[in-house]
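If you read the sequence from its start, that first residue is 1, and numbering goes on from there.
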Amino acid sequence: MKSWDVIIAGAGIIGVSLGLELHERGGKVLVLDRGEPGSEASSAAAGMLAATDPETPPALRPLAMESARMFPGLVEKVENSSDMQVDFRVGTIALLADAAQAPDHYRNLSAADVERLEPSLRVSGLSAFYVRENSVDPRLLMQAALAAARNFGIEIRRNTALKTIRRHSDALEAMTDAGTFTSRSVIDCRGAWSGIPVRPRKGQMLYVQPQACVLQHVLRAPDVYIVPRSSGKILVGATVEDVGYDKSVNPSTIRYLLSLAAKYVAELASAPITESWAGLRPGTPDDLPIIGPTGTPGVFVATGHFRNGILLAPVTAKIVADLVDGRPSRLDISAFAPARFRGATG
């Protein structure tokens with residue numbers, strides 16, 4: 001029977017980034033996906049790399065900051081290896097109701113600053129700050145990462161859902177609906193499909209296509225975010241809903257999101273909606289990811305990244321690859337231990 005060094009269940013950005021990292025270290029990697037690789041939360045995301053968002057849980061901030069530092073390296077790797085571009089952009093404007101909430105590195109913007117940077121932006125009585133945070137188009141990133149993985153010879157199998165893992169002799173058997181695969185290690189990167197305690201958290205969002213360029217920077221406001229793309233499209237998002245695996249799109253919700261965005265950029269009110277969709281973020285009870293070894297030797301988890309899956313991909317790949325190699329993480333990941341939740345320990 002053919003075997004691999006590592007089997008990764010889940011071909012979203014976490015799983016594929018991890019596959020790339022392990023391949024660079026000489027590992028023979030197989031990536032399995034229950035459906036079409038990259039088609040779930042990773043491609044549905046907005047792509048804001050908001051490492052310093054005040055809403056980020058304090059325990060997650062060191063990981064988020066390190067991953068933001070690493071992100072240009074991931075972009076360079078997948079762009080060079082795929083000959084594709086991922087629309088990596090620099091600069092965010094954050095609007096806060098309470099200026100005292102701004103971290104020290106936020107740079108306060110005067111009305112003249114806002115007019116110079118974004119003439120179409122109306123701050124609606126909020127305090128404006130410039131934040132050196134980046135963004136990426138997750139769909140392009142996912143396509144480039146998958147192309148890079150395939151160019152490196154990493155095997156990726158679609159429509160192959162992991163059912164269970166069992167130990168056989170000195171190997172692990174990953175049993176799927178498309179057969180059984182053998183490896184030394186298995187990593188669960190299945191996102192919202194990882195099982196308890198991970199649960200889906202639905203997010204609805206939309207694209208509009210204004211006639212002219214109305215925004216250059218990502219805008220983070222208390223009630224909405226607006227993300228420009230190099231194509232001229234503008235993304236508006238997003239809801240957070242606990243409705244199970246329902247991915248339906250509610251037209252009234254989409255209109256409401258657009259109305260929120262139009263408070264800040266009036267031209268968006270008349271821009272045609274070109275697309276709307278819903279993704280399922282993998283949430284956990286404490287809004288922290290689950291990263292680390294399970295109770296089964298050789299089985300690891302990297303899931304539950306909630307709203308930060310794109311951002312946390314490079315640091316998660318580094319941490320879990322180190323664990324698979326038998327090295328301790330250089331970052332403190334005790335807050336993300338699988339053992340803190342029953343049902344996530346393998």
Hey, could you give me the [atom1]/[atom2] distance between [X] and [Y], rounded to the nearest 0.5 Å?
X	Y	atom1	atom2	result
Ile333	Ile291	CD1	CD1	6.5 Å
Leu96	Tyr106	CG	OH	6.5 Å
Asn108	Ser127	CG	OG	6.5 Å
Asp188	Ile8	CG	CD1	11.0 Å
Gln143	Asp137	CD	CG	8.0 Å
Asp53	Asn308	CG	CG	8.0 Å

CZ of Arg132: more than 12 outside heavy atoms within 6.0 angstrom?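 Open.
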CE of Met65: more than 12 outside heavy atoms within 6.0 angstrom?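 Check fails, neighbour count at 12 or below.
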Between the side chains of Glu275 and Arg139, is the shortest nitrogen-to-carboxylate-oxygen separation below 4.0 Å, so that they form an ion pair?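 Looking at Arg139 and Glu275, the cut-off is met.
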Would you call Arg220 and Glu55 a salt bridge, using N to O less than 4.0 angstrom?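 Salt bridge flag = no for Glu55 with Arg220.
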Between [X] and [Y], what is the shortest heavy-atom contact and its length?
X	Y	result
Val208	Ala271	CB-CB, 3.9 Å
Pro62	Ala59	CD-O, 3.8 Å
Leu312	Ala64	CD2-CA, 3.8 Å

Any sub-3.5 Å donor-acceptor pair from [X]'s side-chain atoms to [Y]'s backbone N or O?
X	Y	result
Asp322	Arg327	no
Arg229	Val136	yes
Ser194	Val198	no
Arg307	Pro282	no
Tyr245	Ala192	yes
Lys28	Ser3	yes
Trp277	Ala44	yes
Thr303	Gly191	yes
Ser42	Gly38	no
Glu133	Thr52	yes

Transitively linked via ILVMFWY side-chain contacts under 4.5 Å: Val90 with Leu215?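 Yes, Val90 connects to Leu215 through the hydrophobic network.
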Do Arg157 and Trp4 form a cation-pi contact, if we require the NZ or CZ to be under 6.0 Å from the six-membered ring centre and within 45 degrees of the ring's axis?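 Pair Arg157/Trp4 does not count as cation-pi.
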Residue pair [X] / [Y], side-chain donor-acceptor N/O under 3.5 Å:
X	Y	value
Arg89	Ser230	yes
Ser110	Asp113	yes
Glu241	Gln204	yes
Tyr264	Asp223	yes

With sequence neighbours excluded, what pairs up with Lys163 under the salt bridge (charged side-chain N to carboxylate O under 4.0 Å, His left out) test?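 With sequence neighbours excluded, Lys163 shows a salt bridge (charged side-chain N to carboxylate O under 4.0 Å, His left out) to no residue whatsoever.
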Check: [Y] and [X] side chains under 4.5 Å, non-hydrogen atoms:
X	Y	answer
Asp246	Lys202	yes
Arg199	Asp242	yes
Val320	Thr316	yes
Arg201	Asp287	yes
Ile93	Val131	no

Tell me every residue that passes side-chain contact (heavy atoms from CB on, under 4.5 Å) with Pro37, counting only those two or more places apart in sequence or in another chain.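 Pro37 satisfies side-chain contact (heavy atoms from CB on, under 4.5 Å) with Ala11, Asp33, Leu146, Arg150, Ile156, Arg158 only.
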Restricting to pairs with a member in residues 304-330, which pass ring-ring contact (aromatic ring centres under 6.0 Å, His included), not counting sequence neighbours?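 Counting only pairs at least two positions apart or across chains, no ring-ring contact (aromatic ring centres under 6.0 Å, His included) contact touches residues 304-330.
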Run the side chain to side chain contact (heavy atoms under 4.5 Å, CB included) check on Ile310 and Leu141 step by step: do they pass? CA-CA 9 Å; Ile310 303 295; Leu141 178 69; 3.9 Å; yes
